[in-house]
Every structure is written in C-alpha cells, then in structure tokens.
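Here's the structure, in structure tokens; my notes come after.
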Amino acid sequence: MPNSKPCQTSTGCMCTWNPTTGPIKPNRNTAMRMSQLFSQTLREAPADAQSEGFALLVRAGFIRQIAAGIFASLPLGLRALRKIEAILREEMNAIGGQELSMPVVLPADLWKETGRWYTVGAELARLKDRNERDLVLAMTHEEAVGDLVRREVQSYKQLPRLIYHIQTKFRDDPRPRAGLIRVREFSMKDSYSLDSSWEGLDRQYRAHYQAYFNIFRRCGLPVISVKADTGMMGGNLAHEFMYLNPIGEDTIILCEACGYTANRQVARVRKPTPPTEAPLPLEKVHTPRTKTIADLAAFLQIPEARTAKAVFMTASIPTGQEMTDQLVMAIVRGDMELNETKLSNVVNAKELRPATEEEILASGAVPGFASPYGLHDVLVVVDDLIPNSPNLVAGANETDYHLKNVNYGRDYATPLVADITAAGAGDACPECGSLLQAERGVEVGNIFKLGTWFSKALGCTFQDENGENQLVIMGSYGIGLGRLLGCVAEEHHDANGLIWPESIAPYSVHLVLLPGKQNALPQETAEGLYNQLTAASLDVLYDDREENPGVKFNDADLIGIPLRLTVSGRSLENGGVELKLRNRTEREIIPLDAVVSRTQSILAALHAELQAAAVLVDYHE
RNA sequence: CGGGGUGUAGCGCAGUUGGCAGCGCACCGCGUUUGGGACGCGGGGGUCGGCGGUUCAAGUCCGCCCACCCCGACCA
C-alpha cells in the first residue's frame, strides 16, 4: 500500500489508512477485537448436539456442522487447532520427526498395488478425473508414504527416518456420530517410521509411546494406553491411547489391581478351571423350545457353563484377489460370549457378519440346535476352554433335541482351537486374576508396528551393509486433531461454558471492557492495555462490543479463555483491573502498571503446570 | 444397509377440522439502561427440505425422493 499512512481515525488504533478504502483494521495474528470476530455465540445449542462439550463448541462459535460428519472450524476453533498442531510438531520434532506434506487425492493405482482398492469397502471414497482415471481420497497415507519411500530410500545409510504430516483425510463412514468424535472428514497428524531393523522399529515405537503421552498431557487430556487389535495389516503390535468417557465408542477392559488394560477387541481373561470328569457316554435328550442357552440351561436345570454355544458367522476371506464367503461355526462355553474380532483374526477374515438363517440351513445345521456333526463346508473354530471342559450339552442338529456329554476330541475336533471369548466386567484378569472393569473410551491416538506389509506390497527396499536388498520396516502413528479438541472440550467445561487448558486456548487473555457512562477512562485504559498486552506477545481477545456486562461475562465464560481481565469504572475506582481465572471463583484487583507482568506470570505458571505433566511414563505392552 | 425419529426465519420451537406463516432468542434503527444474557418503541428476514398428486384452496392430506439425528450393522 504505497499511499498508506498511520490511521488518523481513532485513538490507539494501529491500522493503516488507505485513501481509497478508508481505515483497514489490522489483523495482528495475536489479538482480536470481539466486535470484529467472524462468529457469534449462541444462546441455545442446536437440538441435535450430542454431548455437552460438543454443544459448547458450537454455542461458543468454535465449529459449525456443514454435513453429516463434516465440520467447518471458525476462527476460535482454528486457533485452538493450531495450538494443538504446534504441540504435535514440537513433540514429533523432538523424537526426530521431519515434517512433509502428502496429497489428499491419490491415484488409485497405488491402492491397487497394496490391494486395498479391492479390499476396503465403501468408506474409501473413489472418484475419477476428467480422463476417467481412478482416484481416491486418502483415508490414511501408508500408500503415499510407501510410494515416496521407494523413490527416496535406497541405502541402509538413509535409515532410520521418521516422517510426519498433518493432513486432511476422508473416510466415508456409514454412520458419523457424536459430534467431533466420529466424523468423515478430519485432520490427522500421522507419522511413519522407517527402519532397517526390528530393534529400530521398537525404538521409534517406544519414542512415540512417550511422545503421545507428552502430547495429550500438554493438551490437558488424561489418557491411558491400551493394547489394541492389529487387524489385517500384518502388524505385530499396536496400542491405542484412550480418553475414558461415556461418549466413547470403544470398550476398554482394565484391571485396577495390576494395571492390565486392553481394548475389548483383544482383551484376554483368565478362564475358569473346568471340572475334571471322566467323559460320559453321549446321550440324546428331548429339549423342546430351547433355542437359547438360557432356555436350555433352565430346562435341564444345569448351569450355562455346562453347555456349549454355537455361533454362526459368515466370513469374507481373501483368496488371491478374490473374496470368498465362508460359513464359520464358533463354539464357546454357554456362559461366555464370542469376541468377533478374535474370531475374525483366527480365520483370517476381512469381514465377518452374522450368518443368515438360509446360510446356516444350507450347511446342514439346525439353528438353535446346532452342533458340529454332519455339517459340510463349515469352518469350525473352538474356544480354547472347550477341549478341557468335559461333558457339555450341545445341539443335536435336530429340532428340539440336544446331546448331553459332548466331549471335544472324542466326539469332534478341529484344527482351529483358539481364544475367541469376549472379556467383560466381572471376568478374571488374565495377569493377576482380580475382577476386571469395563469402561467406555475414545481412541484419540494409536501407534502401530506395521512391519513390512506395505513395504512388500509397494517394493520399498534398501541395500544393507552386505549389498542385500531388504524390506523397509515401517510403523505408523496417528492422532486426530478434531477428535482431540472434542475430547478436551468434553473433559474441561462446566455449566457456563468451556474451560481451556492454557496450552490450547484460542487466546490466553480475555480483556473485557465495561465502559460505563461517567467518562472515557475505562475505554482508554482498556485500549491501552490491549496494546500493551499485544506488544508483550500475549494472545488477547478484547471484548470491545457495546453489550451489557452480563452478556460479556457470559460470553467470556462460554468461550472459556483461561484468564479474564475486566476494566470498568468500578475496577478503576478500586485501584486497577479485575483479574479472574476461568477455573477459579476468586477475583482480585491488579494495579494498572502490574497487569502485564502479572498476566505473564500467571500464564507462565499455567503453562508450566501442563508442561510438568509431560513426565516419563512406564512403557508396557 | 436394517429399525426408529425429525425437517417451518441464523438458533430453539408452535401452527387446531385443509382457509392471509407465527412465538422466543438473535439481527437492524431510535431511546433508556450499564458488574452476570436489561427494557420500551419501530423494523428486516420464509421456495414451510424437494418433486409430483388430491382440492376452489395444502405447512397441514397422499405418493416418491433428499437431508439430518438416534439404535444396530460397520469402523486401516
């Protein structure tokens, strides 16, 4: 702006004057006048807001929903996300991470190379460009990383490396829900470790384990780490970082006595010791109208533990490029439940769903009275407790009949014997035998030893010291930013609004002006403070609006900035500016000349408190 | 994809037997008020989710579709 000169229109204004357009309000990135802010607070939350934290984020003007599972971040929300990003970058860089950026739109060819173009369902968004070439919207970036790695990495001298980016992803989830917790479009920090040895992978994995605790604690979010399912990707170890809260979609099994924690998908239990009995002869009994285990146990007057339960599932199992549907009969003891994730892993299934009645009948089984005799084309999987449990009652494969004294080994057998039972509250801890608890949790981060699955699929190799070609050993590590923000809002709020941890608050100081009518002193004081605080590099949100005091205080509470300064005729008469912390009830008057230094020292203390929480944690698998 | 629910102003909602589209908050103007969502007066704002049908007349009745929410299935 060649003709610009200092603003001549208002006192203390730092804008420049453009002769053609008039004054242009500066957008000093650290400060904002609320009269200029692009968003408004809402007195009522949208009726369909699904949790308190989410409702407050909407009411306070941080986010707006655009479509199912798709959100816009307003300036306040984006500033909070930017602060989370800064923490992510610090902690990633601290463990040797190098930031880069990978595209959201990827050629389908890459996904065809790994096979995921074929194996991933409709949650992978597919599109075509103008030349009819297939493209995908990245739902994760292993393919993109692999492609880069095979281009860049040739030698063991280029390993290990850690790369990461913060990027948008899209997963066309069949059912987005719970506000920011489960969305379709989201920003994620994902890092990828590249190693020449498994020891190297373990080092980077453990470094992430610690870094993730640092990140969440610096954001003020309490999390626990749990062992997680590694799924189909050939990985051999995964942890999830869980924020325990009823809004969570995952069930966490934990033992207060010894600290065992696991996602219910992989949680083990210490199974009861079955009675030792000699096998008795098979006996067919008439058991009318006993299609459920409860009915059967009641009819025969035996505990459910003396029965065997057959659950029919249909598994999609990859055979080459094709998927084959395979009927699976899973047998667990009658008092236990089937864990579908475990079963899925045992049979190597890509998908697993309850079998239809037709599918069951086609195999020769009778639903409700099924047993593993006389069946065809059925994969039988037996829980590892069954072979030790003698003389169980099982179906006779005939309507209204069951068999007593069924014994695994004598009466039937299968190569697939494994732990396929679900853990639940009240079961015995697999480590110490104490009673397990079950809690709901939100997965805010995960770390995953991928191994060589992607390297193999994409040809990511390097030459080792001996000139031999080896596969790059990979790990992947993710944190969803919006989900993290949503969890922090869930954790830190009260009836009046949000209460941001200092580290991720969109602004550090909320300066409230109550101008009054007597004189211009409050206004001039507030403007002066605004400039002083900004000059001291503090993030200031300045409520210069013409609103009633009640409106301003309520909005301040709603937005939840950690430290509030109020300038009014009354405060000045009392000797200065009123200072109040959002999470405290006390207020105190600070002399004008001490406001900046006092504000700085309080914020520094709040900051130090969060930093101090980022301590070394014990690593346990 | 199955089951249920809701679509009327920016947000929250009412709208009777089919008969001029309403209320509260928010927004604009004027005035009063000024330490916890204050008051008065005057305003602006609608393809009643969409398309089709019945009817003299449809927010309202019928059909189809769409969107959003909840439960389930699903979730590298």
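No experiment lies behind these values; they were computed from the predicted model shown.
Base pairing of B:G63: its partner is B:C51, meeting the Watson-Crick or G-U wobble criterion (both donor-acceptor distances under 3.5 Å).
No contact: A:E142 has no heavy atom under 4.0 Å from any strand. When heavy atoms are screened at a 4.0 angstrom cut-off, A:N574 is found touching no nucleic acid atom at all. Nucleic acid contact class of A:A55 (heavy atoms, under 4.0 Å, all strands): none. When heavy atoms are screened at a 4.0 angstrom cut-off, A:S476 is found touching no nucleic acid atom at all. Residue A:R64 is classed as having no contact, given no heavy-atom separation below 4.0 Å to the nucleic acid. Within the nucleic acid shown, A:E573 has no heavy atom closer than 4.0 Å to any nucleic acid atom.
Using cut-offs of 30° and 60° for the angle between ring planes, the A:Y530 and A:Y542 rings count as tilted. Using cut-offs of 30° and 60° on the angle between ring planes, the pair A:H239 and A:Y209 is perpendicular.
Rounded to the nearest Å, the gap between the P atom of B:G18 and that of B:U60 is 11 Å. Taking atom P in both B:C48 and B:A58, the straight-line distance is 12 Å, to the nearest Å. Straight-line distance between the C1' atoms of B:A21 and B:G40: roughly 27 Å, to the nearest whole Å.
For A:N554, the listed nucleotide lying nearest its side chain is B:G36; candidates were B:C27, B:A38, B:G36. Of all nucleotides listed (B:C68, B:G36, B:A76), B:C68 comes nearest to the side chain of A:A68. Side-chain atoms of A:F553 lie closest to B:G36 of the nucleotides B:G36, B:C74, B:A26. Distances were taken from every side-chain heavy atom of A:P46 (C-beta onward) to each of B:G12, B:G36, B:G35; the shortest belongs to B:G12. Checked against B:C74, B:G35, B:G37, the side chain of A:R59 finds its nearest nucleotide in B:G37. Proximity note for A:E44 (side chain, C-beta onward) versus B:A73, B:G12, B:C68: the nearest is B:G12. Side chain of A:R182, nearest nucleotide from B:G37, B:A76, B:C75: B:C75. In this structure, of B:C27, B:U34, B:C74, it is B:C74 that holds the atom nearest to the side chain of A:D173. Distance from the side chain of A:R116 is smallest for B:A76 among the nucleotides B:G35, B:A73, B:A76.
Checked for salt-bridge contact, A:E143 and A:K112 miss the test: no charged N lies under 4.0 Å from a carboxylate O. A salt bridge links A:R177 with A:E249; the closest basic N to acidic carboxylate O contact falls under 4.0 Å. Look at A:R182 and A:D173 and you find a salt bridge, because one of the NZ, NE, NH1 or NH2 atoms lies within 4.0 Å of a carboxylate O, short of that distance. The existence of a salt bridge linking A:K342 and A:D419 is confirmed by a sub-4.0 Å separation between a basic side-chain nitrogen and an acidic carboxylate oxygen.
Residue A:R43 places at least one side-chain N or O closer than 4.0 Å to OP1 or OP2 of B:A26. The side chain of A:R175 contributes an N or O atom lying less than 4.0 Å from OP1 or OP2 of B:C71. Proximity of A:Q65 to the phosphate of B:C69: a side-chain N or O atom is located under 4.0 Å from OP1 or OP2.
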Audit row: A:I70, A:V183, side chain to side chain contact (heavy atoms under 4.5 Å, CB included) steps and yes/no: CA-CA 6 Å; A:I70 298 178; A:V183 295; over 6 Å; no

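Rounded to a whole Å, the CG atom of A:L514 is 14 Å from the P atom of B:A38. In this structure, A:F71 atom CZ and B:C69 atom C1' are separated by 12 Å, rounded to whole Å. Taking atom CD of residue A:E546 and atom C1' of nucleotide B:G29, one finds them 13 Å apart after rounding to whole Å. Distance CG (A:L106) to P (B:A76): 19 Å, rounded to an integer number of Å. If you take CD1 of A:I247 and P of B:C69, they are 15 Å apart, rounded to a whole angstrom. Summarising the geometry, the separation between CZ on A:R545 and P on B:A38 is reported as 12 Å, rounded to the nearest angstrom.
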